[in-house]
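Below is one structure, written out as structure tokens, with a few remarks after it.
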Amino acid sequence: MNEKKESAFFSIRDLNVQYKSGAQTVYAVNGVSFDLAAGETLGLVGETGAGKTTIAKSILRILPPHAVKKMEGQVLYEGEDIFQMNDTELRKIRGHQISMIFQDPMTALNPVKRVNEQIAEGYIQHHHCTKAEAEKRAEEMLELVGISADRAGEYPHQFSGGMKQRVVIAMALACSPRLLIADEPTTALDVTIQAQVLDLIKRLRDELGTSMILITHDLGVVAGICDQVAVIYAGRIIEYGTKADVFRHPTHPYTIGLFGALPDLKKDVERLSPIEGLPPDPTEQIEGCAFYPRCERRCEKCKSYRYEPTRLSDTHTILCCNPAGEGEEK
């Protein structure tokens, strides 16, 4: 979608992922490309099923092999293609250089192992230190995320949902990764705890100088944390730009629809304005624009659209043949 940045230390080029589902093929990710500079945060935004988590798991090559029919493209970390690495090379990067906060803290933790053991496990793997040194590091990480070190020997069931998420964050950051992938890290939490966890992630990112890919469907979270925004629909990035580009000048009809569905305290309305219809069936290969059935701006040329990028500025790109023009009501 965007031109390669000279400062980018992480890039994805033309990522395509297909799953096997019985006799059917699921077209999960379709030609995704983006760059990430050191210290930058990119938000991947879209509805459930858009392909966000598949992109994240593709980066670390942790998609289940039995379910994947095709995974191709390039995932470049400091110029090296992760897809071309052998298992030994990949293990050196996973959890050390690139780490991931998984979506559900209830299933991300092993219920029969103490939390300090789970945090220390990856640290021992990558730093070849003693168990005592690793457990000391685990206690330091728990303190860093706001959990007292005297709880290090407890089991996951002894923690609340918010504290479990903090433990998962501590695990992901134990080796001080250069890139952190956060997959909807606050989905399972109540609103108050969400705010605390997001503030924690933002603070730790700034303190450690970590780049981040944040996966979410919450535009408010994106506004508070991200530098760049990629709006995903049906496995494609359909709008890409800086936070200012996307929030101040949303141009793709889908992006405009997402903002239109948000409550506005300045407007007195009885109902919100949701995007009508449902995302397309991912097992079907669609001719033309996938958003066509739901789009208020659809026209005949949308039916044969070939996803040619339209560059609105040096930092703002969309995939649309009939975007909202400057000065139009959005």
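These numbers come from the heavy atoms of this one structure, side chains and all, not from hydrogens, waters or symmetry mates.
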>> Could you work out, with salt bridge (charged side-chain N to carboxylate O under 4.0 Å, His left out) as the rule, every residue matching Lys113, not counting sequence neighbours?
In response: Glu121
> Above 12 or not: heavy atoms from other molecules or residues under 6.0 Å from NZ of Lys20?
Replying inline: yes
>> Determine whether Ser33 and Asp14 satisfy the following criterion, side-chain hydrogen bond (donor to acceptor under 3.5 Å, both in side chains), listing intermediate values before the conclusion.
In response: CA-CA 5 Å; Ser33 299; Asp14 198 25; 5.2 Å; no
> Just wondering, more than 12 heavy atoms not from Glu287 lying within 6.0 Å of its CD?
Replying inline: no
> Taking only residues two or more places apart in sequence or in another chain, which ones pass ring-ring contact (aromatic ring centres under 6.0 Å, His included) with Tyr307?
Replying inline: Tyr305
> Are any non-hydrogen side-chain atoms of Leu173 and Leu204 less than 4.5 angstrom apart?
Replying inline: yes
>> Could you work out, with side chain to side chain donor-acceptor pair (under 3.5 Å) as the rule, every residue matching Arg236, not counting sequence neighbours?
In response: none
> So, do Leu44 and Leu214 sit near enough that their side-chain heavy atoms are less than 4.5 Å apart?
Replying inline: no
>> I'd like to check the side chain to side chain donor-acceptor pair (under 3.5 Å) partners of Lys303; sequence neighbours left out, ordered by chain and number.
In response: Glu300
> With a 4.5 Å limit on heavy-atom distance, are the side chains of Glu184 and Asp104 in contact?
Replying inline: no
>> Would you say Ile238 ends up clustered with Ile286 if hydrophobic residues are merged whenever their side chains have heavy atoms under 4.5 Å apart, either directly or through other cluster members?
In response: no
>> Holding to side-chain contact (heavy atoms from CB on, under 4.5 Å), I want the full list of residues that pass it with Ala195, two or more places apart in sequence or in another chain.
In response: none
>> I want to check something: taking the side chain as every heavy atom from C-beta on, are Gln103 and Pro185 in contact at a cut-off of under 4.5 Å?
In response: no
>> Under a 3.5 Å threshold, yes or no: a donor from one side chain and an acceptor from the other, between Thr216 and Asp218?
In response: no
>> I'd like to check Arg311 versus His316 (side-chain heavy atoms, cut-off strictly below 4.5 Å). Are they in contact?
In response: no
> Take atom NZ in Lys136; do more than 12 heavy atoms of anything else shown fall under 6.0 Å from it?
Replying inline: no
>> Would you say that more than 12 heavy atoms from the other residues, nucleotides or ligands in this model lie under 6.0 Å from the CD of Glu143, or not?
In response: yes
>> Distance check, rounded to the nearest 0.5 Å: Leu208 atom CG versus Ser176 atom OG?
In response: 5.5 Å
> Do the non-hydrogen side-chain atoms of Val17 and Leu63 ever get within less than 4.5 Å of each other?
Replying inline: yes
> What pairs with Lys301 under side chain to side chain donor-acceptor pair (under 3.5 Å), at least two apart in sequence or on another chain?
Replying inline: none
List, one per line, each side-chain donor-acceptor pair under 3.5 Å for residues 95-102, sequence neighbours excluded.
unit_1 : atom_1 : unit_2 : atom_2 : d
Gln97  : OE1    : Tyr77  : OH     : 2.7
Ser99  : OG     : Ala172 : O      : 2.8

>> I'd like to know whether NZ of Lys164 has more than 12 heavy-atom contacts from other residues, nucleotides or ligands below 6.0 angstrom.
In response: yes
> Is Leu76 close to Phe83 at the side-chain level, that is, under 4.5 Å between some pair of heavy atoms?
Replying inline: no
>> Going by the rule ring-ring contact (aromatic ring centres under 6.0 Å, His included), which residues pair with Tyr254 if we only count those two or more places apart in sequence or in a different chain?
In response: Tyr233, Phe291
> Is there a donor-acceptor contact under 3.5 Å from the side chain of Gln118 to the main chain of Asn110?
Replying inline: yes
>> Let me confirm one number: the CD1-CD1 distance from Ile62 to Ile181, rounded to the nearest 0.5 Å.
In response: 7.5 Å
>> Applying salt bridge (charged side-chain N to carboxylate O under 4.0 Å, His left out), can you list everything that pairs with Arg151, at least two apart in sequence or on another chain?
In response: Glu154
> Out of curiosity, Arg61 CZ to Ile93 CD1, how far, rounded to the nearest 0.5 Å?
Replying inline: 9.5 Å
>> Could you check whether any side-chain heavy atom of Pro309 comes within less than 4.5 Å of a side-chain heavy atom of Leu319, counting everything from C-beta outward?
In response: yes
>> Holding to side chain to side chain donor-acceptor pair (under 3.5 Å), I want the full list of residues that pass it with Glu308, two or more places apart in sequence or in another chain.
In response: none
>> Can a donor-acceptor pair be found, under 3.5 Å and without considering hydrogens, that links the side chain of Asp35 to the backbone of Ser11?
In response: no
> Is there a donor-acceptor contact under 3.5 Å from the side chain of Arg203 to the main chain of Leu200?
Replying inline: no
> Would you say the side-chain atoms of Lys243 pair up with the backbone N or O of Val229, donor to acceptor, closer than 3.5 Å?
Replying inline: no
>> Quick test of your reading: applying ring pair (Phe, Tyr, Trp, His ring centres under 6.0 Å), list the pairs with at least one residue in residues 133-155, sequence neighbours left out, ordered by first then second residue.
In response: none
> Who passes ring-ring contact (aromatic ring centres under 6.0 Å, His included) against Phe259, sequence neighbours left out?
Replying inline: Phe247
> Any side-chain donor paired with an acceptor under 3.5 Å for Arg205 and Thr41?
Replying inline: yes
>> Keeping Glu239 on the side-chain end and Ile318 on the backbone end, is there a donor-acceptor pair under 3.5 Å?
In response: no
>> Just to verify, which of His126, Met141, Arg137 counts as forming a side chain to side chain contact (heavy atoms under 4.5 Å, CB included) with Cys175?
In response: His126
> Once you round to the nearest 0.5 Å, how far does OG1 of Thr210 lie from CD of Glu40?
Replying inline: 14.0 Å
